[in-house]
Amino acid sequence: MIKKLIEPNLINITIMQLLLPVFLYIGIISNVAWYWWVSSFVFYFLFTAIGNNVGMHRFYCHYNFKMTRSMEYFVLWCGATAGLGSPMSYINTHLIHHKYNDTELDSHGPVRGWKSVLYYFHRHIRPSETVFSRTMCKLIVRFSWLHQYYWLILLAQGFIMYLIDWKIMLFCWLIPASVTLWVVALVLVMQHDANGPSNTKSYQWFAFGEAWHRNHHINPALVNHAIDPTKIDWTYHLCRLVAKKGSIE
């Protein structure tokens, strides 16, 4: 039981989501200086655009490019600190999604209904369903420690932030991480419609990219999802900023 609670799990993620009004209320009544709210936006950008879009999705799930080890760990920190899980849990869920997209076996998306904006209503992926791949094997070797002790590590990091300054914990972790979880879950629903994976820029402004989802499902190896030269894949350009020289077109 304890093992299940400290590994990435839907219950803990949902609790972190649902506490957003509490985090915002504490921030508002604390009457802090304006720059703390700017800090929250900066970390929201890091968690969503760099941690989720670039790191967890484009790098760990699809290895569209390479990074230096120091840059990889920074990108990993952004994704893991947001509450998105370990690379192992994220890639397993994502590969199941690609394999069974828009069916009852899909882990998230419209098939689970709009209630799936709460992670609790995503389909839990059992270890027996793991889509073994070369990438997954590498991640198991490298990050099994992060997966096994995920929430303990996250809470320990939060406690250190609190000891330094409670405002760092609130505005640089809790608020932006909770917002990131809501945004990522919302986009997971919006990326698919009645006809399957969709291309739409309606959520570009708050998700920082990942809009050309049909193109991605047709060819997951695409580095730039915006096949049409008149469109822009913002995540692709962020990937170019963090990628090792010569590893991305």
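The first residue of the sequence shown is numbered 1, and numbering continues consecutively from there.
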Side chain to side chain contact (heavy atoms under 4.5 Å, CB included) with Tyr119: of Asn9, Ile11, Val184, Asn12, only one passes, and it is Val184
With distance as the sole test, does [X] use its side chain to make a donor-acceptor pair with the main-chain N or O of [Y] at under 3.5 Å?
X	Y	value
Ser178	Met16	yes
Arg112	Asp106	yes
His122	Ser116	yes
Gln191	Glu210	yes
Thr14	Tyr120	yes

Shortest non-hydrogen contact from [X] to [Y]?
X	Y	result
Phe121	Lys115	CD1-O, 3.2 Å
Trp173	Gly158	CZ3-CA, 3.5 Å
Met67	Ala243	CG-CA, 4.3 Å
Cys239	Phe65	SG-CE2, 3.4 Å
Leu76	Phe143	CD2-CE2, 3.5 Å
Tyr162	Met169	CB-SD, 3.7 Å

Please check if [X] and [Y] belong to a single hydrophobic cluster, counting links between Ile, Leu, Val, Met, Phe, Trp and Tyr side chain heavy atoms closer than 4.5 Å.
X	Y	answer
Ile232	Val187	no
Val111	Leu186	no
Val22	Trp36	yes
Trp212	Ile248	no
Leu241	Met71	yes

[X] [atom1] to [Y] [atom2] distance, which is reported to the nearest 0.5 Å:
X	Y	atom1	atom2	value
Asp233	Asn224	CG	CG	5.0 Å
Ile218	His213	CD1	NE2	11.0 Å
Thr235	Ile50	OG1	CD1	8.5 Å
Gln148	Glu7	CD	CD	6.5 Å
Ser107	Ile125	OG	CD1	4.5 Å
Lys167	Ser39	NZ	OG	11.0 Å

Apply side chain to side chain contact (heavy atoms under 4.5 Å, CB included) to residues Leu84 and Leu181 and explain how you reach the verdict. CA-CA 7 Å; Leu84 294 167; Leu181 292 175; 4.0 Å; yes
With sequence neighbours left out, which residue pairs that include part of residues 219-249 fulfil the ring-ring contact (aromatic ring centres under 6.0 Å, His included) condition? His216-His225
Parallel, tilted or perpendicular: rings of Phe41 and Phe208 (30°, 60°): perpendicular
Verdict with supporting geometry, Leu20 and Val179, side chain to side chain contact (heavy atoms under 4.5 Å, CB included): CA-CA 7 Å; Leu20 178 59; Val179 173; 3.8 Å; yes
Beyond-backbone contact of [X] with [Y], side-chain heavy atoms, under 4.5 angstrom:
X	Y	answer
Pro176	Phe47	yes
Asn53	Arg58	no
Trp145	Ile153	yes
Leu18	Leu118	yes
Met190	Thr200	no
Cys61	Met56	no
Asp193	Pro110	no
Phe74	Leu46	yes

Partner of His192 by ring-ring contact (aromatic ring centres under 6.0 Å, His included), out of His98, His97, His108: His97
Is it the case that more than 12 heavy atoms not belonging to [X] sit under 6.0 Å from its [atom1] atom?
X	atom1	answer
Phe45	CZ	yes
Tyr73	OH	yes
Arg214	CZ	yes

For Tyr90 and Asn52, what are the C-alpha separation, side-chain angles and deciding distance, and is it a side chain to side chain contact (heavy atoms under 4.5 Å, CB included)? CA-CA 10 Å; Tyr90 194 104; Asn52 181 74; 2.7 Å; yes
Apart from Ile227 itself, what residues make up its hydrophobic cluster when side-chain heavy atoms of I, L, V, M, F, W and Y under 4.5 Å apart count as a link, directly or indirectly? Leu222
Without placing hydrogens or testing angles, list every side-chain donor-acceptor pair under 3.5 Å for residues 25-34, not counting sequence neighbours.
residue: Ser30; atom: OG; partner: Ile26; partner atom: O; Å: 3.2
residue: Ser30; atom: OG; partner: Gly27; partner atom: O; Å: 2.6

Passes side chain to side chain contact (heavy atoms under 4.5 Å, CB included), Val242 versus Phe59? Steps please. CA-CA 10 Å; Val242 303; Phe59 183 71; over 6 Å; no
Side chain to side chain donor-acceptor pair (under 3.5 Å), paired with Glu72, selected from Arg142, Lys244, Lys66: Arg142
